[in-house]
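Note sheet for the following structure.
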Amino acid sequence: MPIVSSSMTEQLRDDLDRFAEEHGYTGRSELIREACHSLLEEYEQTNNDDRLVVGTVTAVFGYDEPEIEQRMMDIRHEFEASIRSSAHNCLADNAGCVETFVVEATYETVLGFVGTVRGAGESVSVEYTSVPVELLSRELGQ
């Protein structure tokens, strides 16, 4: 198996090692392989490619990180045609910030949006879900 190296902060490396140990992974390599597989699967072609979807995207990052906050503002402008709602909230005691977006666009555009938010900074953690608009309309009886 080929070897791939990656640069990361000491904190991220320590977090990976701790997570691997706590969850029964044989080491950081196994954990990183699984994370890479999951990320790639997320972006694989699906039957949603040409469909309009609604996605919710949540990004969490440290408090008082002006570069990331500026990048989030830039992302809002870059994707403004697709963003239906966005909110910025600061957690209690300045524990961090949460950006929440509701995006309505083609599946491909939503995945591009998620990738752009993930690329905003190493300390940004992103979660997202999406559902085709036609299924949502059907579920709501419209």
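Atom OG1 of T9 is separated from atom CD of E122 by 4.5 Å, given to the nearest 0.5 angstrom. To the nearest 0.5 Å, atoms CD (E127) and OG1 (T58) are separated by 8.0 Å. The OG atom of S6 sits 9.0 Å away from the CG atom of L16 when rounded to the nearest 0.5 Å. D15 contributes atom CG, which lies 10.5 Å from atom CZ of R13 (distance to the nearest 0.5 angstrom). Separation of atoms CZ (F79) and OG1 (T116) is listed at 3.5 Å; rounding is to 0.5 Å. Summarising the geometry, atom NE2 belonging to H77 is positioned 11.0 Å from atom CD1 belonging to I75; distances are rounded to the nearest 0.5 Å.
One hydrophobic cluster, built from ILVMFWY side chains closer than 4.5 Å, cannot hold both V126 and I32; they sit in different ones. At a threshold of 4.5 Å between side-chain heavy atoms, the hydrophobic network of Ile, Leu, Val, Met, Phe, Trp and Tyr places V98 and V124 in two separate groups.
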Could you list the donor-acceptor pairs under 3.5 angstrom formed by side chains in residues 60-70, with sequence neighbours left out?
{"from": "E65", "atom 1": "OE1", "to": "S123", "atom 2": "OG", "distance (Å)": "3.1"}
{"from": "E65", "atom 1": "OE2", "to": "G62", "atom 2": "N", "distance (Å)": "3.2"}
{"from": "Q70", "atom 1": "NE2", "to": "D74", "atom 2": "OD1", "distance (Å)": "2.9"}

Show me, pair by pair, the donor-acceptor contacts under 3.5 angstrom made by side chains of residues 80-92, not counting sequence neighbours?
{"from": "R84", "atom 1": "NE", "to": "E104", "atom 2": "OE1", "distance (Å)": "2.9"}
{"from": "R84", "atom 1": "NH1", "to": "A81", "atom 2": "O", "distance (Å)": "3.0"}
{"from": "S86", "atom 1": "OG", "to": "R76", "atom 2": "NE", "distance (Å)": "3.4"}
{"from": "H88", "atom 1": "ND1", "to": "E99", "atom 2": "OE2", "distance (Å)": "2.5"}

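Within 6.0 Å of the CG atom in D93, the count of heavy atoms belonging to other residues, nucleotides or ligands does not exceed 12. For E21, the CD atom is loosely surrounded, since the number of other residues' heavy atoms within 6.0 Å does not exceed 12.
For M72 against A120, the heavy-atom pair with the smallest separation is CE-CB, 3.9 Å. In terms of heavy-atom proximity, V53 sits nearest to P132 at CG1-CA, 3.8 Å.
Of the candidates Y107, F101, Y128, F101 is the only one forming a ring pair (Phe, Tyr, Trp, His ring centres under 6.0 Å) with F113.
Not counting sequence neighbours, E34 has no partner by the salt bridge (Lys or Arg N to Asp or Glu O under 4.0 Å) test.
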